[in-house]
Amino acid sequence: MASPRAPRGMHDTLPEDADLWRHIRDTAERVARLFDYQQITTPIVEDASVFLHTAGDESDIVQKEVYLFDDRGGDRLALRPEGTAAVCRAYIEHGMSSRPQPVRLFYFGPFFRYDRPQAGRYRQLWQFGAEAIGTDSPAADAELIDLQLTLYRELGLEGLTLRINSIGTAETRRRYAEVLRAHFEPHIGTLSRDSQRRFETNILRILDSKEDLEHPAVQSAPSILEHLSDEDREHFEAVQTHLRALGIAYEIDPRIVRGLDYYARTVWEVEPPGAGGQSTIGAGGRYDGLMEILGGPSTPAVGFATGIERVALNMRERGLWQAASEHVEVVTVPLGDGGTAFAAKATRILRDAGISVRSGLAGRSMRAAMRGAEASGATWALIVGDREAEAGVVQLKPMRAEADQREVRLDDLVSAIRELR
RNA sequence: GUGGGUGUGGCCUAGCGGUUAAGGCGUCAGGUUGUGGCCCUGAAGAUCGAGGGUUCAAAUCCCUUCACCCACCCCA
């Protein structure tokens with residue numbers, strides 16, 4: 001009986017929201033081009049293996065968040081839960097390793113995760129992301145961070161915190177996990193249930209548990225930074241050197257980890273002040289291992305993604321965006337059959353001249369039509385009755401200024417408006 | 001996935017066991033002959049998220065379910 005609603009965790013973007021979204025997207029694309037990143041658009045669905053094999057079997061994405069389905073031909077497809085793996089698939093498929101390296105790409109689009117919705121977390125979410133593929137240079141890591149922070153600055157978001165960490169290579173993490181296992185083993189009974197689960201599934205995650213934040217064993221846990229290889233450490237220090245050269249402030253947070261297996265070395269997150277639950281507005285990292293998992297040649301790469309809903313949320317909270325949509329310039333008020341026909345003619349002429357016009361529909365009383373004209377927010381009302389039609393003129397009435405209404409010949413209408421606006 | 005909160009016309013809210021569910025905003029129409037914004041009048045629009053149950057009687061109590069919100073988990 002109940003009318004259908006948008007699927008859980010998915011939302012319509014109404015006209016009053018569209019302007020903010022367009023502004024964010026336009027700004028993101030502009031900033032990307034400032035850094036010479038080029039747009040890539042990949043399908044919203046991929047062969048399921050693109051995500052399932054790359055994310056790591058223990059990750060939540062694989063365990064429960066991917067929308068999976070078989071199409072009519074029996075192919076196993078997935079709604080994309082993230083962008084990086086899809087971009088890498090495209091990189092391999094189109095032989096981009098034969099382009100000048102690194103290949104700098106950005107994307108903007110919807111992603112899907114079957115997750116329990118809450119503020120700032122949706123089942124359909126939009127992300128802007130950028131990737132530099134084909135370089136292990138720490139300068140590339142810093143460049144992506146710079147691009148990301150530039151975007152936030154251009155949007156007016158200030159006071160953000162950049163936290164960075166190095167999680168080393170997969171090999172480094174294997175060794176570190178052993179160290180952690182030895183460290184937590186004696187305390188496992190006193191840890192929270194979640195941490196006990198993580199002890200088995202992803203022991204690094206115990207470190208950023210909110211529940212066990214104050215637990216002495218967590219406080220005293222060895223830092224991954226002490227277990228980096230020499231190459232890892234040099235890379236991480238070089239990233240920091242580049243950041244300082246760019247004048248970018250950062251905090252080192254050894255507790256940042258990642259759910260996805262293909263990450264390596266640098267990882268980072270950006271949070272707004274007063275961070276609460278779903279607060280991270282963007283995060284990035286290096287993923288040197290991903291290409292090989294996808295069957296391509298070993299190719300180092302680094303990138304980030306930022307959540308558009310979370311960016312929009314922050315902008316609204318800080319009053320950086322008031323719903324101030326652009327109004328149409330002209331609204332017509334047609335009266336009578338002759339007036340209606342003549343108004344249509346005037347409308348055509350104005351639109352051909354690039355002037356936006358909202359057609360007032362015939363058949364209403366003039367009072368009603370004028371009320372509608374008022375509500376449209378238009379700068380001018382164009383009143384066209386049979387009298388005007390016969391004389392070849394229109395009444396041009398300013399709706400927002402104190403100036404008088406004036407009669408204008410149809411031939412002079414465009415120039416009259418251009419002169420006055 | 002776990003725990004908690006909320007759910008009344010498009011929006012905000014009143015009503016919290018008992019006659020036809022009230023108000024504001026918004027929408028539409030009208031306020032004499034071709035002119036808006038203020039004001040006035042009127043209209044449309046709610047089986048009170050949905051489905052069960054208790055009761056002579058339920059928007060009001062109970063159960064289930066769905067959705068949203070908050071925290072955890074995870075992540076953007």
Side-chain angles (χ1 to χ4, degrees), chain A residues 1-11 14 16 55 58-65 81-84 108-129 148 192-195 197-198 201-202 205-206 208-213 256-260 267-272 276-285 303-314 331 333-336 339 360 363-378 380-388 395-402 404-405:
Chain A
M1 267 313 196
S3 303
R5 314 181 52 151
R8 183 170 197 200
M10 304 190 186
H11 300 282
L14 301 181
E16 52 268 37
E58 295 304 322
S59 70
D60 270 25
I61 284 193
V62 170
Q63 298 265 307
K64 58 188 187 192
E65 289 182 8
E82 53 113 7
T84 302
F108 186 101
F111 295 87
F112 302 85
R113 293 178 193 173
Y114 188 84
D115 205 350
R116 182 148 166 187
Q118 106 184 37
R121 183 213 265 170
Y122 310 101
R123 288 184 172 181
Q124 178 178 332
L125 57 130
W126 288 69
Q127 289 188 336
F128 165 77
Q148 187 181 1
S192 66
R193 280 189 60 128
D194 270 323
S195 290
R197 180 177 55 78
R198 292 174 199 187
T201 57
N202 187 349
R205 283 226 162 266
I206 293 180
D208 68 350
S209 162
K210 285 176 190 167
E211 251 185 288
D212 286 327
L213 204 59
I256 299 178
V257 294
R258 271 297 132 78
L260 306 186
V267 292
W268 70 87
E269 295 182 355
V270 179
E271 287 203 340
Q278 306 300 317
S279 57
T280 301
I281 61 174
F304 77 88
T306 190
I308 305 306
E309 286 86 356
R310 291 187 186 178
V311 167
L313 200 67
N314 271 275
V331 57
V333 178
L335 301 165
R364 308 173 90 185
S365 72
M366 186 165 188
R367 180 188 220 109
M370 284 305 293
R371 281 176 175 156
E374 169 64 25
S376 76
W380 287 285
L382 203 68
I383 300 162
V384 189
D386 294 342
R387 291 207 298 261
E388 284 77 15
Q395 303 295 335
L396 185 61
K397 180 183 176 73
M399 298 298 285
R400 314 175 82 170
E402 283 304 309
D404 291 330
Q405 172 176 322

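Reminder, nothing fancy here: chain letters follow the sequence lines and each chain counts from 1.
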In whole Å, what separates the P atom of B:rG52 from that of B:rU60?
14 Å
Review point. Which value, in whole Å, describes the distance between the C1' atoms of nucleotides B:rU20 and B:rA59?
Key: 15 Å
Taken to the nearest 0.5 Å, the spacing of A:Q148 CD from A:W268 CH2 works out to 6.5 Å
Residues at least two apart in sequence or cross-chain that pass side chain to side chain contact (heavy atoms under 4.5 Å, CB included) with A:Q405, listed by chain then number, are A:I383, A:Q395, A:K397
- prompt: Base, sugar-phosphate alone, or nothing: which one does A:L125 contact when heavy atoms must sit under 4.0 Å apart?
  reply: base
* With sugar-phosphate meaning primed atoms plus P, OP1 and OP2, does A:G377 contact a base, only sugar-phosphate, or nothing at under 4.0 Å between heavy atoms? -> nothing
To the nearest 0.5 Å, atom NE2 of A:H11 lies from atom CZ of A:R123 at 10.5 Å
Provide a list of protein-nucleic acid N or O atom pairs under 3.5 angstrom, restricted to nucleotides 33-36 of chain B.
unit_1, atom_1, unit_2, atom_2, d
B:rG34, N7, A:R387, NH1, 2.6
B:rG34, N7, A:R387, NH2, 3.4
B:rG34, O6, A:R387, NE, 2.6
B:rG34, O6, A:R387, NH1, 3.3
B:rG34, O6, A:R387, NH2, 3.3
B:rG34, N1, A:E388, OE1, 2.8
B:rG34, N1, A:E388, OE2, 3.0
B:rG34, N2, A:E388, OE2, 3.2
B:rU35, O2, A:Q405, OE1, 3.3
B:rU35, N3, A:Q405, OE1, 2.8
B:rU35, N3, A:Q405, NE2, 3.3
B:rU35, O4, A:Q405, NE2, 2.8
B:rG36, N1, A:M399, O, 3.3
B:rG36, N2, A:E374, OE1, 2.6
B:rG36, N2, A:M399, O, 2.4
B:rG36, N3, A:E374, OE1, 2.9

A:R113 CZ to B:rG1 P, in whole Å, measures 17 Å
For A:Q124 and A:E309 the tightest heavy-atom approach is O-OE2, 3.7 Å
Notebook entry, point to check: For atom P, what is the distance between B:rG10 and B:rU47, given to the nearest Å?
Noted result: 8 Å
Requested in this report: Would you check if A:E271 and A:I281 make a side-chain contact, meaning some heavy-atom pair closer than 4.5 Å?
Outcome: no
| When you compare B:rG17 with B:rA57, how far apart are their C1' atoms, in angstrom units rounded to a whole number? | 8 Å
Its dot-bracket string being built from Watson-Crick and G-U pairs below 3.5 Å, with | for another strand and [ ] for crossing, RNA chain B has the pattern ((((((((.[[[[.)..(...]]]].(((((.......))))).....[[[[[..)....]]]]])))))))....
Distance col, row A:F111:CZ vs A:E65:CD, nearest 0.5 angstrom, shows 14.0 Å
Side chain A:R121 and base B:rC74 donor-acceptor under 3.5 Å: yes
Closest non-hydrogen atoms of A:A373 and A:A381, given as atom of the first, atom of the second and distance, are CB-CB, 4.5 Å
Margin query: Any base atoms under 4.0 Å from A:R116, or only sugar-phosphate, or nothing? Heavy atoms, all strands.
Written below: base
For A:N314 and A:P272 the tightest heavy-atom approach is OD1-CB, 3.2 Å
Distance check, P atoms only: B:rU54 and B:rC62, in whole angstrom units. 15 Å
inquiry  = Between B:rU8 and B:rG31, how many Å separate the two C1' atoms, rounded to a whole number?
reply    = 33 Å
Is the distance from OP1 or OP2 of B:rG30 to the nearest side-chain N or O of A:S365 less than 4.0 Å?
yes
CG of A:L382 to CD of A:E388, rounded to nearest 0.5 Å, is 9.0 Å
When A:D194 and A:R364 are each assigned the nearest nucleotide of RNA chain B, the 5'-most assignment goes to A:R364
Point to revise | Span that lies between the P atom of B:rG9 and that of B:rA21, in whole angstrom | key: 15 Å
Here the gap from A:M366 atom CE to A:M370 atom CE, rounded to the nearest 0.5 Å, amounts to 6.0 Å
Original post:
With a 4.0 Å cut-off on heavy atoms, is A:Y122 in touch with a base, just the backbone sugar-phosphate, or nothing at all?
Top reply: base
Between B:rG15 and B:rC56, how far is it from one P atom to the other, in whole Å?
-> 28 Å
Quick note, A:A368 side chain, CB onward, closest among B:rA29, B:rA67, B:rA76 is B:rA29
- Look at all strands and tell whether A:R198 reaches a base, only sugar-phosphate, or nothing, counting heavy atoms closer than 4.0 Å. sugar-phosphate
